[in-house]
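In what follows, every chain begins at residue 1, and chains take the letters A, B, ... in the order their sequences are listed. None of the values given here were measured: they were computed from a predicted structure.
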Amino acid sequence: MSKVKTVKGTREFYPEQMFLRNFIFDKVRAASQMFGYQEWDGPFIETIDLYAAKSGEELVKKQSFTFEDRGGELVTLRPELTPSLARMIAEKQNELTYPVRWWSFGPFWRYEQPQKGRSREFFQWNIDMLGVNSPEADAELIAVGATFLRSVGLSPERALIYVNNRRLMDSEFDALGISQEKRLDVSNLVDRRTKMESTKWDAYGLEIGLSQTQLAGLKDILGNFDLWKKSDELTRLFAALEVLGVKDYVKFDPNIMRGLLYYTGTVFEAFDTSGSLKRAIFGGGRYDNLLADVGGQPLSGVGFAMGDVVIGIILQEAGLLPEFEPSPAQVLVTVFNESLWLESYRLAAELRINGLNVLVFPEPAKLPKQFKFADKMKMKVAVTVGPDEAEKGLAAVKNLSNGNQIIVKREAVANEIRKLLEA
RNA sequence: GAGCCUGUAGCUCAACGGCAGAGCGCCACACUGUGGCUGUGGAUGUUGUGGGUUCGAAACCCAUCAGGCUCCCCA
């Protein structure tokens, strides 16, 4: 075992994990493109100032990988993508074609305590629509998320997207006479509701300055799952979700707040409803004022982000991953002995010209060893050229799943293999 | 940043103050022109690391590193 350790919280992707990462990436790409979103990306390193403007203090001061570069500038490994998005949109605000529909899947870093579902290095899917401010646009983003969940095999019994609306909650808080200054505290209080005992939660509510009546009113609101009917935005949102065919995936929940300050309207979070992990699969919402902080004109947007870690664990636990195929080549050409070594290489090259992925055993070895190798790599076909075949211009093609072997002419090998692979 | 739990063969774990073990995997052979099954044999450890207590430590104590759970946080 190596004495040189990995950096805490980083991840090593052996082929099997790389397969999972690419599986998620493929599904992300498919869901994004199905709705016409364009792929893009920003820098992996940014100046700290970009995040100082709008991201939470906690993120910038405690959870970012920040360091001084050789020129003395404070730079940070990006902890999120939205500020980079805002800047890039602002830079070309007048030349872009709206609505902008962009998606991205790339690496991010946060200096957190690594634990299940959370590492310091992770991949994140970001997808946003800018330039349209409507509940119908919000519904589209939620539909993209639901489409993704469906595409990886997570049914509505297994995963749900909980929706709320900041404006609705604001008007409810207004009605309770909760002041603007207390909104952040109240938002924290709501976030904590499922995690605290109710008596402690009550005490915490009073501690942040709520009155008994306000606290009681707050509980009424958080327990009212029909509250959305009072919101025109949410009524339209659910109507759109219905025709988009994803309503089964979506439930109204007044307890969904989301910590981010910049959300202004619809907010949503997806959760696994039956697994061991109680972390959000993805989360997002509508933001109205993001561009102002990077010097742009006001532009409304809606989007969400999904980390690869939580969804990866869920898919694994739910047994929803396709079987890992170790070898990208399904065909093995064996090397019979030293004098036929290059003949095998020649055959492999012929098969590749014919469009097949072919792995040739790199040296003469006992055939049992070569066949065992093919088994472990879960390959489908083995081709052998021994002295008998070489003499007559033939090759032995073996179907590894049933053990049948046939001897065919060299020119027919590629077609024979194709037949076996298609069967 | 705080609390609790864990760390033994490649993997999963046992031994819980007294000779470091099992299953799986791996390698070889039976089977020198063919894999999966079976059988036989074989290799593998500074018990995470460093210190301490003890006649004796994988076990007890301290520190440290790593992982897990929770708090915090979740942009």
Side-chain angles (χ1 to χ4, degrees), chain A residues 1-11 14 50-64 76 78-86 108-120 122 124 126 184 187-188 191-192 195-197 200 256-263 267 269 276-285 287 290 293 303-307 309-310 313 332-337 340 361 364-390 395-405 407:
Chain A
M1 204 178 292
S2 171
K3 288 202 166 155
V4 182
K5 287 180 254 180
T6 56
V7 173
K8 183 172 181 170
T10 58
R11 296 151 77 202
Y14 287 85
L50 179 68
Y51 305 101
K54 196 70 181 182
S55 305
E57 191 176 319
E58 174 84 16
L59 172 62
V60 178
K61 288 194 177 155
K62 290 170 72 183
Q63 297 195 342
S64 65
T76 183
R78 62 182 189 182
E80 59 166 332
L81 190 61
T82 308
S84 303
L85 170 68
F108 295 85
W109 294 265
R110 288 181 197 173
Y111 199 83
E112 306 192 76
Q113 284 311 312
Q115 51 185 265
K116 194 176 187 184
R118 200 163 66 179
S119 60
R120 289 184 174 179
F122 54 96
Q124 199 174 66
N126 282 267
L184 186 59
S187 166
N188 276 331
D191 274 342
R192 227 162 280 199
K195 292 175 186 168
M196 285 175 103
E197 291 172 39
K200 282 188 181 173
I256 298 295
M257 289 297 283
R258 296 194 58 71
L260 262 183
L261 299 174
Y262 55 65
Y263 290 119
V267 288
E269 276 181 351
S276 67
L277 220 50
K278 292 298 165 225
R279 295 182 185 281
I281 298 172
F282 58 74
Y287 45 86
L290 211 60
D293 297 300
F304 68 85
M306 177 187 81
V309 182
V310 170
I313 291 169
L332 172 76
V333 174
T334 61
V335 174
F336 191 87
N337 59 30
L340 287 167
F361 207 82
K366 288 180 179 175
L367 285 179
K369 186 173 177 181
Q370 300 190 42
F371 275 81
K372 276 179 186 169
F373 174 84
D375 270 340
K376 275 183 219 152
M377 298 300 272
K378 298 209 168 80
M379 302 176 82
K380 305 281 193 298
V381 178
V383 185
T384 304
V385 178
D388 299 344
E389 290 87 3
V397 177
K398 184 164 186 173
N399 180 341
L400 290 175
S401 40
N402 61 17
N404 295 340
Q405 178 168 283
I407 312 288

Over all strands shown, is Ser401(A) touching base, sugar-phosphate only, or nothing at heavy-atom distances under 4.0 angstrom? base
Contacts of type ring pair (Phe, Tyr, Trp, His ring centres under 6.0 Å), residue Phe304(A), not counting sequence neighbours: Trp125(A), Phe268(A), Phe282(A)
Secondary structure of RNA chain B per the Watson-Crick/G-U criterion (both distances under 3.5 Å; [ ] crossing, | other strand, . unpaired) is (((((((..((((....[..)))).(((((.......))))).....(((((..]....))))))))))))....
Listed nucleotide nearest any side-chain atom of Gln405(A), set rG35(B), rG33(B), rU34(B): rU34(B)
Check the distance between rC26(B)'s P and Asp375(A)'s CG and give it to me in whole angstrom. 11 Å
Nucleotide of rG68(B), rG33(B), rG35(B) approaching Phe371(A) most closely (side-chain heavy atoms): rG35(B)
Mind calculating the distance between CE (Met379(A)) and C1' (rG36(B)) to the nearest angstrom? 16 Å
Have a look at Gly117(A) and say if it touches a base, only the backbone sugar-phosphate, or nothing, with a 4.0 Å heavy-atom cut-off. nothing
Select base, sugar-phosphate, or nothing to describe what Gly403(A) touches, counting heavy atoms under 4.0 Å on all strands. base
Using a heavy-atom cut-off of under 4.0 Å over every strand shown, decide if Gln124(A) touches base, sugar-phosphate, or nothing. nothing
Any base atoms under 4.0 Å from Pro387(A), or only sugar-phosphate, or nothing? Heavy atoms, all strands. base
Whether Lys398(A) contacts rG33(B) is assessed here as follows: a side-chain N or O lying under 4.0 Å from the phosphate OP1 or OP2. Is that the case? no
Testing rG35(B), rG67(B), rG33(B) for proximity to the side chain of Pro114(A), the answer is rG67(B)
Nearest whole Å is fine: how far is rC74(B) C1' from Glu112(A) CD? 6 Å
Looking at every strand, decide which applies to Phe373(A) at a 4.0 Å heavy-atom threshold: base, sugar-phosphate, or nothing. nothing
Please tell me which of the listed nucleotides, rA66(B), rC73(B), rC26(B), lies nearest to the side chain of Arg118(A)? rC73(B)
Residue set satisfying ring pair (Phe, Tyr, Trp, His ring centres under 6.0 Å) with Phe122(A), at least two apart, ordered chain then number -> none
Whole-Å distance separating the NZ atom of Lys372(A) from the P atom of rU38(B): 12 Å
